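So the structure is just underneath, and the comments pick up after that.
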Amino acid sequence: MIITTGENESPRTVARAKELAQAEAGAVYVRRAGRSLKELKAVKGDSDVLVVLENRIRLAGASERPMEFHPSMSYVRAKRVLKGEKDLMLEAAGVVPGDVIVDCTAGLGADSMMFAVGTGPAGSVIAMESSFPLYMLLKEGLRTYRAKIAEFTEALQRIEVRHTDHLTGLKSLPDKSVDIVYFDPMFREPTMESSSLSPLRAYANDEPLSLAAIEEARRVARKTVVLKEKRDSGEFERLGFGTPERNRTKITYGVMHLDR
């Protein structure tokens, strides 16, 4: 992966780009020097470029449309939760302040952000992402993003992002060491309607969840294992979650309660 700056190089962005490249194996800093991203890719033979901007971070890959880190709807949901309103995902998982949560399929971090809000300052969230480019975008995005609501900014900075596939990551954790293990394999199929999210499909892990991953999740979790899926996909039954209650939404949550 190439790490560079925007066209307007500044000492701050250059320093950040170099720091990122030095911290991560598999990443190399390349000075922008007025070149287009297409030219940088051609020179280095790499299709992924992480672009460090003054207050933003952007990933340009094989797709013509780059991805820029932004909380998007998570920010809207978080504001509601911070006002005392309920959130369907947090309710389904049984999240309470102080929980330790593993998000096994982080992607752009939308659910990890909500978990960090729900667990509060006493809790923690581990976000696992198998794609190195997405891992880099998410890690630096969470570290540098600043929201108007301080509680949301602080929540983002409590998330620990790990570059690993979820099965390997779960195997590295001790028995009953976290409260909740969460899976959202929704990008297995192109269900996203937003064109702004379409570049994510190039990085999505399209392998179905394995029974081995569920068993590891049950070993690691103290309270619940949660699966987000299309209501009628058949995945809940295949993976042992049973049939979720019928509701009006196409997407729902299957929950294994381990503390009962």
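As the structure is a prediction and not an experimental result, all values here were calculated from the model. Quick note: numbers below take in every heavy atom, side chains included, and nothing from hydrogens, waters or symmetry partners.
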Q: Spell out, yes or no, whether Phe183 and Leu258 are grouped together once hydrophobic residues are joined by side-chain heavy atoms under 4.5 Å, including indirect joins.
A: yes

Q: Would you sort out whether Phe132 and Met1 count as a side-chain contact (heavy atoms from CB on, under 4.5 Å), showing the intermediate values?
A: CA-CA 9 Å; Phe132 184 67; Met1 163 177 272; 4.0 Å; yes

Q: Apply ring pair (Phe, Tyr, Trp, His ring centres under 6.0 Å) to Tyr29 and list each qualifying residue two or more places apart in sequence or on a separate chain.
A: none

Q) Would a distance-only check, ignoring hydrogens and angles, find a side-chain to backbone donor-acceptor pair under 3.5 Å from Thr105 to Asp184? A) yes

Q) Is Ser72 reaching over with its side chain to a backbone N or O of Ser74, donor-acceptor style, under 3.5 angstrom? A) no

Q | Transitive ILVMFWY side-chain link Val117 to Ile149, under 4.5 Å | A | yes

(Q) Run the ring pair (Phe, Tyr, Trp, His ring centres under 6.0 Å) test against Tyr75 and tell me which residues pass, sequence neighbours left out. (A) Phe152

Q: Using the salt bridge (charged side-chain N to carboxylate O under 4.0 Å, His left out) rule, collect all pairs that involve residues 142-164, keeping only residues at least two apart or in two chains.
A: Glu140-Arg143, Glu160-Arg162

Q) Given the rule that I, L, V, M, F, W and Y join up when any side-chain heavy atoms are under 4.5 Å apart, are Leu90 and Ile159 in one cluster? A) yes

(Q) What I want to check is whether the side chains of Asp165 and Ser130 have a donor and an acceptor closer together than 3.5 Å. (A) no

Q | Joint hydrophobic cluster, Val30 plus Leu53, side-chain heavy atoms closer than 4.5 Å | A | yes

Q) Any donor and acceptor pair, going by atom type alone, linking the side chain of Thr119 with main-chain N or O of Phe115 inside 3.5 Å? A) yes

